[in-house]
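Please read the structure below before turning to the comments.
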Amino acid sequence: MPLPKLTEEQRQDALKKAAEARQKRAELRKQLKNGDVNVKDIISKTDDPIVSRMKVSSLLESLPGIGKARAQKIMQEAGISPTRRVQGLGSKQKEILISSVGK
């Protein structure tokens, strides 16, 4: 299926919307790193489009003390694919993530 043809105005609106979403996800990661919010709070907001489209690996790597290797290990233990997004997590996977990071 080919991509739809967009007018220049529609294209600019889409780019602006995507940039805003990236900025909101970055702000959420910053809050997580600073300890203003915790993983349990974020995972419970799966109806929020910003949270639901965030990759689980990005979420874990935003936590203090968790890098790429530890995030990957936690995801493997929980049976989570490296490309999984928050909205695609099952209830057991959510429980394992919350207990693994201890918050």
Side-chain angles (χ1 to χ4, degrees):
M1 176 184 237
L3 294 174
K5 300 286 183 189
L6 298 176
T7 65
E8 187 61 31
E9 184 178 316
Q10 290 172 323
R11 186 174 166 280
Q12 291 300 320
D13 288 342
L15 288 171
K16 184 178 178 183
K17 186 177 176 183
E20 288 173 3
R22 283 191 302 272
Q23 186 177 14
K24 288 179 183 177
R25 277 193 294 277
E27 179 63 32
L28 185 62
R29 286 192 305 271
K30 183 178 175 184
Q31 289 175 351
L32 193 59
K33 187 175 217 88
N34 292 336
D36 298 335
V37 294
N38 61 35
V39 173
K40 187 175 182 179
D41 293 339
I42 292 174
I43 290 177
S44 66
K45 294 181 184 178
T46 54
D47 58 332
D48 181 1
I50 299 301
V51 173
S52 65
R53 293 185 184 129
M54 183 181 234
K55 287 193 175 188
V56 176
S57 59
S58 176
L59 175 77
L60 290 174
E61 290 169 17
S62 297
L63 291 168
I66 297 182
K68 288 184 185 268
R70 185 154 178 232
Q72 186 178 24
K73 182 180 176 189
I74 292 169
M75 290 175 65
Q76 283 178 343
E77 290 172 355
I80 300 171
S81 169
T83 59
R84 177 71 62 206
R85 296 187 187 273
V86 173
Q87 74 184 25
L89 291 174
S91 59
K92 295 265 187 204
Q93 291 172 329
K94 289 178 185 179
E95 290 174 17
I96 292 170
L97 278 181
I98 292 169
S99 66
S100 294
V101 295
K103 293 180 182 178

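All residue numbers in this chain count up from 1 along the given sequence.
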- [ ] Decide whether L97 and V101 are clustered together by the hydrophobic rule: side chain heavy atoms of Ile, Leu, Val, Met, Phe, Trp, Tyr closer than 4.5 Å, transitively.
- [x] yes
Open item on the list: Please say yes or no: joined through hydrophobic side-chain contacts below 4.5 Å, possibly via intermediate residues, are V51 and V37 part of one cluster?
Closed with: yes
Open item on the list: Please list all pairs meeting side-chain hydrogen bond (donor to acceptor under 3.5 Å, both in side chains) that have one or both residues in residues 18-33, counting only residues at least two apart or in different chains.
Closed with: none
TODO: List the steps and the verdict of side chain to side chain contact (heavy atoms under 4.5 Å, CB included) for I66 and I74.
DONE: CA-CA 10 Å; I66 297 182; I74 292 169; 4.1 Å; yes
Task: D48 side chain vs I50 backbone, donor-acceptor pair below 3.5 Å - done: yes
Open item on the list: Looking at every heavy atom in both P82 and S57, which two are closest together, and how far apart are they?
Closed with: O-OG, 4.1 Å
Open item on the list: Please determine whether residues I98 and L60 belong to a single hydrophobic cluster, defined as Ile, Leu, Val, Met, Phe, Trp and Tyr linked transitively by side-chain heavy-atom distances below 4.5 Å.
Closed with: yes
Open item on the list: Would you compute the distance between atom CD1 of I80 and atom CG of L89 and round it to the nearest 0.5 angstrom?
Closed with: 5.0 Å
Open item on the list: Is there a side chain to side chain contact (heavy atoms under 4.5 Å, CB included) between L15 and Q12? Walk through the geometry before answering.
Closed with: CA-CA 5 Å; L15 288 171; Q12 291 300 320; 4.3 Å; yes
Task: Reported CZ-to-CG distance for the pair R11 and L6, which is rounded to 0.5 angstrom - done: 8.5 Å
Task: Inter-residue atom distance K40.NZ - S99.OG, 0.5 Å rounding - done: 11.5 Å
Open item on the list: Among M75, Q76, R70, exactly one meets side-chain contact (heavy atoms from CB on, under 4.5 Å) together with Q72. Which residue is that?
Closed with: Q76
Task: For S44, side chain to side chain donor-acceptor pair (under 3.5 Å) partners two or more places apart - done: none
Task: Nearest-0.5 Å distance, NZ of residue K55 to CZ of residue R84 - done: 11.5 Å
Task: Rounded distance (nearest 0.5 Å) linking atom CD1 of I42 with atom CG of L59 - done: 5.0 Å
TODO: Enter the distance from I43:CD1 to S91:OG here, rounded to the nearest 0.5 Å.
DONE: 11.5 Å
Task: Closest approach of E61 to A71 (non-hydrogen atoms, all atoms of both residues) - done: CG-CB, 3.9 Å
